[in-house]
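Numbers restart at 1 for each chain; the letters A, B, ... are given by sequence-line order, proteins then strands.
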There are 2 protein chains.
Amino acid sequence: MPKIVDAEARRQDVVEAVFRIIASDGLERASLREVADEAGLAVGSVRHYFASSDELLVHSFSVVVDRIAGRLEEAFTVVESLAVGSAEHDAAVLTLLGQFLPLDEELAVDACVWMAFRHAARIRPVLEQEAARSHRAVAAVVGRLVMRLMPDGGSVQERLVSEAERLLATLDGLSMHALLQPEWMTAEVCRDVLTAHLETLVAVPSNR
Amino acid sequence: MPKIVDAEARRQDVVEAVFRIIASDGLERASLREVADEAGLAVGSVRHYFASSDELLVHSFSVVVDRIAGRLEEAFTVVESLAVGSAEHDAAVLTLLGQFLPLDEELAVDACVWMAFRHAARIRPVLEQEAARSHRAVAAVVGRLVMRLMPDGGSVQERLVSEAERLLATLDGLSMHALLQPEWMTAEVCRDVLTAHLETLVAVPSNR
DNA sequence: AACTTTTTAGCACAAACGTGCTGGAACCGT
DNA sequence: ACGGTTCCAGCACGTTTGTGCTAAAAAGTT
């Protein structure tokens, strides 16, 4: 039999090389040659594990989507295990929302890569499917969270979707600003914005 | 003397070709040859008006920034001319915030181009300056608007910046979702999100 | 009509890209 | 020891890119 190499682990190495390149030089520099160099391989070797450049990028996209969705699900189970309104619950919610933001090195790379792929998916049809999957996964968690936090339990369908979208937009906007204008955006401002938003979520059902 | 051509108008034609290409095929396809084709010119002609590809892109960026900043300033003077709290005032505020969103064809192209350049500026140093200018211009208008709308007139400096950032993040997030996931994002949801946000802005000063 | 200067068009080159293809290296089961 | 299979490396080809350079076309002034 042949040389035994853990193919899946090798693929993962290559994917992480892709992540590093996207984070530092952008998606357009993630060519086969650059990726191979970054991974310490030859172009032919990378192409042994990924049939084409498109397959490499699509797979990389799916990996980052899985990572983010996994973190969100995990953080949400923590939230579910706590009593609504308790201090621990509020902290867990903030932790959950913090998964969207580039608060440490690993989160920053993921946020950066995720953002790059989502924007690329607008143009490149091969990425469309993963982009839709990513949107569904994130919207599901945010939707459940909003349902849990809203005073009336999100009984009004119409208001639920608009509040979910409002939270999601704020999160993506914050993440984007933190990536693009880091000099104007501190972790403290992020936290303040999130807590302010949460107050507006649990507070006013008011008229409407 | 030579053939007389309105050089500035020609430059503007080329810039608009750049916009169309970015909106439909992304920034990475905005090469000199593609732009020349789209503008109905030869590569050499485009290069007569723009010394290099970088200069063309930087100038295009500055044009879209000027366009957006101009619309915002204009809409803000309308807001300033009305009494705070009146129905016309609220409508004018919504109109102002709507300038960020791809609500019609022209706004969509601008939002798309603006988004593309801002993300590219993370990587390409030539675009850095314009990105910073764009951020300052937009943050200034949003900051003044928040100061005008907040119940205490935005007297608490710290809360003012976090509320301004919160509004800005929501706007950019909404715009991004409208561009990337148009199928999940209707103009109605956009409006609902904005009105909901405005209610949270004028409502609770609360504790803190 | 001739001249001058702007405008337009295009060629040529090096660099980088994806990909089809070939050949050697490494390694496991026999 | 020795095949057979997998893994690794790289060449070669056709495209596309930015840019330096040349030269024809166009048009107002003399």
Side-chain angles (χ1 to χ4, degrees), chain A residues 1-22 24-61 116-117 119-121 123-127, chain B residues 1-22 24-61 116-117 119-121 123-127:
Chain A
M1 282 290 187
K3 181 175 173 181
I4 286 290
V5 169
D6 186 338
E8 204 47 49
R10 264 285 199 265
R11 280 166 65 96
Q12 192 60 34
D13 289 347
V14 176
V15 165
E16 270 160 29
V18 171
F19 288 176
R20 286 194 297 274
I21 291 178
I22 292 179
S24 65
D25 294 338
L27 181 57
E28 61 273 11
R29 300 298 295 265
S31 65
L32 285 180
R33 285 168 177 83
E34 290 277 348
V35 170
D37 273 11
E38 177 70 33
L41 299 175
V43 176
S45 306
V46 174
R47 287 193 8 125
H48 175 72
Y49 293 100
F50 298 95
S52 69
S53 171
D54 276 357
E55 188 192 318
L56 170 58
L57 294 182
V58 169
H59 182 255
S60 300
F61 193 3
F117 275 123
H119 276 86
I123 299 301
R124 307 182 58 167
V126 277
L127 301 176
Chain B
M1 280 293 186
K3 180 176 174 182
I4 286 289
V5 170
D6 186 337
E8 203 46 51
R10 266 282 198 271
R11 280 167 66 94
Q12 191 58 34
D13 289 348
V14 176
V15 165
E16 270 161 28
V18 171
F19 288 175
R20 287 195 297 274
I21 290 178
I22 291 178
S24 66
D25 293 338
L27 182 56
E28 62 274 11
R29 300 301 295 263
S31 65
L32 284 179
R33 285 167 177 83
E34 290 276 348
V35 171
D37 273 11
E38 176 71 32
L41 299 175
V43 176
S45 306
V46 175
R47 290 198 27 174
H48 175 72
Y49 294 99
F50 297 96
S52 68
S53 171
D54 277 357
E55 188 193 317
L56 170 58
L57 295 183
V58 169
H59 183 257
S60 300
F61 193 3
F117 274 124
H119 277 85
I123 298 301
R124 306 183 59 168
V126 279
L127 301 175

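- You'll find that the side chain of B/R33 is closest to D/dG18, out of C/dA9, D/dA9, D/dG18.
- In this entry the distance linking CG of A/L41 with C1' of D/dG10 reads 14 Å, nearest Å.
- Taking the six-membered ring for Trp and thresholds of 30 and 60 degrees, B/H59 and B/F50 have ring planes inclined between 30 and 60 degrees apart.
- Nearest nucleotide to the A/S52 side chain, out of C/dT19, D/dA9, D/dG18: C/dT19.
- Side-chain atoms of A/L56 and A/V18, non-hydrogen and from C-beta on, do get closer than 4.5 Å to each other.
- In this structure, B/F50 atom CZ and D/dT17 atom C1' are separated by 19 Å, rounded to whole Å.
- The shortest heavy-atom contact between B/A116 and B/L27 is O-CD2, 4.0 Å.
- At whole-Å resolution of the value, CG in A/D13 and P in D/dC8 are 10 Å apart.
- Comparing C/dA9, C/dC17, D/dA9 by their closest approach to the side chain of B/A42 singles out C/dA9.
- For A/H48, a side-chain nitrogen or oxygen approaches OP1 or OP2 of D/dC7 to under 4.0 Å.
- The phosphate of C/dA9 (OP1 or OP2) has a side-chain N or O of B/S45 nearer than 4.0 angstrom.
- Note on B/Y49: a side-chain N or O is less than 4.0 Å away from OP1 or OP2 of C/dT8.
- Candidate nucleotides D/dG20, D/dG18, D/dC7 were compared by shortest atom distance to the side chain of B/S53, and D/dG18 ranks first.
- Atom pair B/L32:CG and C/dA16:P shows a separation of 18 Å (rounding to whole Å applied).
- A salt bridge between B/R11 and B/E55 is present, with a side-chain N of the basic residue lying under 4.0 Å from a carboxylate O of the acidic one.
- Atom CG in A/L27 sits roughly 14 Å away from atom C1' in C/dC17 (whole-Å rounding).
- A/I21 has its CD1 atom 10 Å from the P atom of C/dC17, to the nearest Å.
- Taking atom CG of residue A/D25 and atom P of nucleotide C/dA16, one finds them 14 Å apart after rounding to whole Å.
- Of the listed nucleotides (D/dC8, D/dT19, C/dA9), D/dC8 has the atom at the smallest distance from the side chain of A/R10.
- Per the geometry, CG belonging to B/D37 stands 16 Å off P belonging to C/dT8, to the nearest Å.
- In terms of phosphate contacts, A/S31 brings no side-chain nitrogen or oxygen within less than 4.0 Å of OP1 or OP2 of C/dA16.
- The residue among A/G44 and A/R29 whose nearest nucleotide of DNA chain C lies closer to the 5′ end is A/R29.
- For a distance-only test at 3.5 Å, the side chain of A/R47 fails to qualify as a donor-acceptor partner of the base of D/dG10.
- Classification of the B/F117-B/F61 ring pair by plane angle, with boundaries at 30° and 60°, yields parallel.
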